[in-house]
4 protein chains.
Amino acid sequence: MSTTAVRPLRADAVRNRALVVDAARRLFAERGLDVTLHDVAEAAGVGVGTVYRRFPDKDALLAGLLADKFEALVDLAETAGRRPTGRDALRDYLLGAMELRASDRALSSAVLRAAPHTTETADLRATLQHLVDGIVDRARAENAVREGFTGDDVPAVTSMIGSIADRTREESPEAWRRYGLLVVDAVCPPEGAPGPLVGAPLPPPGATSCVVSPP
Amino acid sequence: MSTTAVRPLRADAVRNRALVVDAARRLFAERGLDVTLHDVAEAAGVGVGTVYRRFPDKDALLAGLLADKFEALVDLAETAGRRPTGRDALRDYLLGAMELRASDRALSSAVLRAAPHTTETADLRATLQHLVDGIVDRARAENAVREGFTGDDVPAVTSMIGSIADRTREESPEAWRRYGLLVVDAVCPPEGAPGPLVGAPLPPPGATSCVVSPP
Amino acid sequence: MSTTAVRPLRADAVRNRALVVDAARRLFAERGLDVTLHDVAEAAGVGVGTVYRRFPDKDALLAGLLADKFEALVDLAETAGRRPTGRDALRDYLLGAMELRASDRALSSAVLRAAPHTTETADLRATLQHLVDGIVDRARAENAVREGFTGDDVPAVTSMIGSIADRTREESPEAWRRYGLLVVDAVCPPEGAPGPLVGAPLPPPGATSCVVSPP
Amino acid sequence: MSTTAVRPLRADAVRNRALVVDAARRLFAERGLDVTLHDVAEAAGVGVGTVYRRFPDKDALLAGLLADKFEALVDLAETAGRRPTGRDALRDYLLGAMELRASDRALSSAVLRAAPHTTETADLRATLQHLVDGIVDRARAENAVREGFTGDDVPAVTSMIGSIADRTREESPEAWRRYGLLVVDAVCPPEGAPGPLVGAPLPPPGATSCVVSPP
DNA sequence: CATGAATGAGTCTTCATTCAT
DNA sequence: CATGAATGAAGACTCATTCAT
């Protein structure tokens, strides 16, 4: 009846789940989807069995992380939504979402998989979509959006940038911004004329040297 | 695969090599990098050993496919370069490159890896880069390019779209065009004002139903 | 296998580890280093994975077996060391070591490899060397040793005989004794004059018939 | 009718066979039995098929090398047999045979296998055995041989030393002499009292440092 | 005859997942 | 409930041997 835990075991479970999720987030972000669940378990300081008790399989674990990300996106959408203009709100949200996506290597891979979508994420998705639609609608009302662009396009442009980030995370973790801004400008142009691209082009894949920023 | 063979392969070897390459291209395009070389061999109708005879390892095979793609890109750049205006040339090339990239799932993954870059691909890359730089320069001379954009940015924007294509190849193989055009417009705006986005937003990842194009 | 386990293995793990070690010892002894770990696993009645769980790779497994043998040698050296004369102690040890070595085909091969020497075996080696040096020193004090022979020569003469045993284990498992005694006599002559060689010459390699002992 | 080759093909064949045998001898001696027949073929400058045309399989090739060695041993036995005393003849032969054996890593491995004995080697073996028996008999007549030792024991003691040589070829290619002489002295003592062992004990297997010779 | 292309069984090793303790 | 031991299906790669050119 009360909200205090009647069964202490539940508390342990919660703690363990958190440990696993934290470890998984860290490892997946660092090393991508190739981490084994043994690695996750070890990093979390629990046995593999415990991981499997909390998450039926690897995909479920990814879904859990995904849920976390959706929460962060919801927060972001709420914050961005408070900007006075729709344009700023949309630009803030897009860049913020790209940033989140860029900070986590596993996310794109996870998104590609069919399985990881649970009811938990479904609910969060719905909430998020609603908020984002609102933001896009406001910006459109200000004539600040490329014609035809809708809230449903947002994940696509975000994940596009994520793929760039995945490729460059090691050498220049901020390289994605150049293309992120390009896309944001294309979707929702800034107030004045867009300036030159920021940052430097990506070193062509396979090149070992890093190109320096042009003057 | 290459015109620079040191010694002409025997007739049957050539045929088998082609079989392997074709099978590999098809399987990699369909199923990504996870295909085993056994699968490739089987699809090609040869033994695994034959695959390993032609390509020391999996990466070498990917490098071979990559070389093919680079050749196609070089062709594309040459064709596009013949357009009267730099603007058209650049837009043609970008869309064409996206198209090529979209048609082959393995390509992006291969590009991410360090190994598959051989001298063969390196040479092709250099040629390609030269052609593309020329195209971008022409377009810039016409003031048709987003300020700051260079030839080195081309692979990045192409691969960005490729990642979209990878996600949607199954359900709607042309979905990438919506975002491809968005990006092309951002890099090199069309003559008049850009119209509305083409196609429909992506079905949000995880959704099972396929959204139909709005009227 | 070792008394220095950092953390006691679970009961079933201990049992399985023993099964693996036993099977490995048997198979390696019978068929040399060419047994696969699948064979070992099957003979032990466990899955391959279990073998790999206990021993990171094949060399580690060999190192484990080696450790066992070193323990046996240490025991032997202790027992032999209790003989009243250094001469008897040394002769006992040499023959005993040859006997151990002759009973296990994998041992020589394992010794040839660089990898299988772990800290565990290193410690045992040190102990063993100390004991053997003591025995040799005692025998030398009695003037019972070939001039120049040291404790460091012991492994060499033992392995020499082992190579003979490897070749003859199938047809006449005791054939090595003839040469073992020859060498022991050379290193540490018996009290009186050495008698005739024991046993019969080896059937020349390649001969199919087995030579019988001369009267 | 004449001894000049009527069929030039035969000449080619002989040349190729020699190329293969030379390459094989070199590679097997250097790297042991693990060399592939591709390596042999390449080193010989011929195709694999040619190797298989000359030698039905790997074992047959080894048998061929073995035949070479037997020829060398026959030469050696003839030379040694010319020494005035049986003692010197036997000691010469034993040491010489050990030397031959020590110079070739593949030999011991080959001897262990059942297959490689062909009629060619069988004949050579017989010749050799006859010569060696003669040498041993002469030495025995001089009372210069350990009682019970026969010509049939010669291969055993030689191969014993070979196993030592195999283990030490890399680091100290002459290390086997210490034990070779020990065994020769045991079989056929020198005129006076045997002096101290020559050379230094083997570094215990697994040790990285090389023990220096005692004063 | 020589060549080297093709074969495919066999080797080692990894890892997602299950289940006894 | 937590643990980590056990499982075994793959996967990448090798190489002795055969056979088409």
Side-chain angles (χ1 to χ4, degrees), chain A residues 7-10 12-13 16 34-42 45-59 61, chain B residues 7 9-17 19-20 34-42 44-59 61, chain C residues 7 9-17 19-20 34-42 44-59 61, chain D residues 7-10 12-13 16 34-42 45-59 61:
Chain A
R7 293 185 296 177
L9 297 171
R10 183 70 189 164
D12 273 32
N16 273 339
D34 296 2
V35 290
T36 73
L37 290 202
H38 263 100
D39 292 341
V40 172
E42 193 175 14
V46 303
V48 236
T50 305
V51 177
Y52 274 91
R53 170 161 294 277
R54 292 304 148 220
F55 304 94
D57 60 13
K58 205 177 181 178
D59 282 343
L61 175 52
Chain B
R7 202 186 340 181
L9 285 169
R10 241 166 55 182
D12 54 346
V14 170
R15 187 179 48 85
N16 273 337
R17 187 189 163 107
L19 287 175
V20 168
D34 295 1
V35 291
T36 75
L37 291 203
H38 261 101
D39 292 341
V40 172
E42 194 174 12
V46 302
V48 236
T50 304
V51 179
Y52 276 94
R53 161 168 283 273
R54 289 306 150 218
F55 304 95
D57 59 13
K58 209 176 180 180
D59 282 345
L61 177 51
Chain C
R7 205 194 326 191
L9 286 169
R10 240 166 55 184
D12 54 345
V14 170
R15 187 179 48 84
N16 273 338
R17 185 188 164 111
L19 286 175
V20 167
D34 295 0
V35 292
T36 74
L37 291 203
H38 262 99
D39 293 341
V40 172
E42 193 174 12
V46 303
V48 237
T50 305
V51 178
Y52 276 92
R53 161 169 283 272
R54 290 303 150 221
F55 304 96
D57 59 13
K58 209 175 179 180
D59 282 345
L61 177 51
Chain D
R7 295 183 295 178
L9 295 171
R10 181 73 189 162
D12 273 32
N16 272 338
D34 295 1
V35 291
T36 73
L37 290 201
H38 263 100
D39 292 341
V40 171
E42 192 175 14
V46 303
V48 235
T50 306
V51 177
Y52 274 92
R53 170 160 293 276
R54 293 301 149 222
F55 304 95
D57 60 10
K58 205 177 183 180
D59 282 344
L61 175 52

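Since we're looking at a predicted model, the values are computed, not measured. In what follows, every chain begins at residue 1, and chains take the letters A, B, ... in the order their sequences are listed.
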### Query
For Thr50(B) and dA5(E), is the shortest distance between a side-chain N/O and OP1 or OP2 below 4.0 Å?
no
### Query
Would one find a side-chain N or O of Arg53(B) under 4.0 angstrom from OP1 or OP2 of dC15(F)?
no
### Message
Please report the distance, rounded to the nearest Å, between CZ in Arg17(B) and C1' in dA5(E).
### Response
14 Å
### Query
Closest heavy-atom contact between Phe55(B) and Val20(B)?
CE1-CG1, 4.0 Å
### Task
Respond yes when some side-chain nitrogen or oxygen of Asn16(A) is under 4.0 Å from OP1 or OP2 of dA2(F), and no when none is.
yes
### Query
Tell me, do Val48(D) and Val40(D) make a side-chain contact under 4.5 Å, heavy atoms counted?
no
So which protein nitrogen or oxygen atoms get under 3.5 Å of nucleotides 17-21 of chain E's nitrogens or oxygens?
residue : atom : partner  : partner atom : Å
dT17(E) : OP2  : Tyr52(A) : OH           : 3.4
dT17(E) : OP2  : Lys58(A) : N            : 3.4

### Message
Distance check needed: dA10(F) C1' versus Glu42(B) CD, whole Å only.
### Response
14 Å
### Query
Out of curiosity, Lys58(A) NZ to Tyr52(A) OH, how far, rounded to the nearest 0.5 Å?
8.0 Å
### Task
Would you mind reading off the distance between Arg54(A) atom CZ and dA2(F) atom C1', rounded to a whole angstrom?
9 Å
## Note on the structure
Output field dot_bracket for DNA chain E (Watson-Crick or G-U, both distances under 3.5 Å, | for other-strand pairs) contains .||||||||||||||||||||
### Message
Let me confirm one number: the CG-CZ distance from Asn16(B) to Arg54(B), rounded to the nearest 0.5 Å.
### Response
7.5 Å
### Length of the line joining Asp39(B):CG and dG11(F):C1', which is rounded to integer Å
10 Å
### Query
So which heavy atom on Val51(D) is nearest to which on Ala41(D), and how close?
CG2-CB, 3.8 Å
### Query
For Leu61(D) and dC15(F), what is the distance between atoms CG and C1' respectively, to the nearest whole Å?
15 Å
### Query
Going from CD on Glu42(B) to OG1 on Thr36(B), what distance comes out if it is rounded to the nearest 0.5 angstrom?
8.5 Å
### Message
Working to the nearest 0.5 angstrom, can you tell me the gap between Leu61(D) CG and Leu37(D) CG?
### Response
6.5 Å
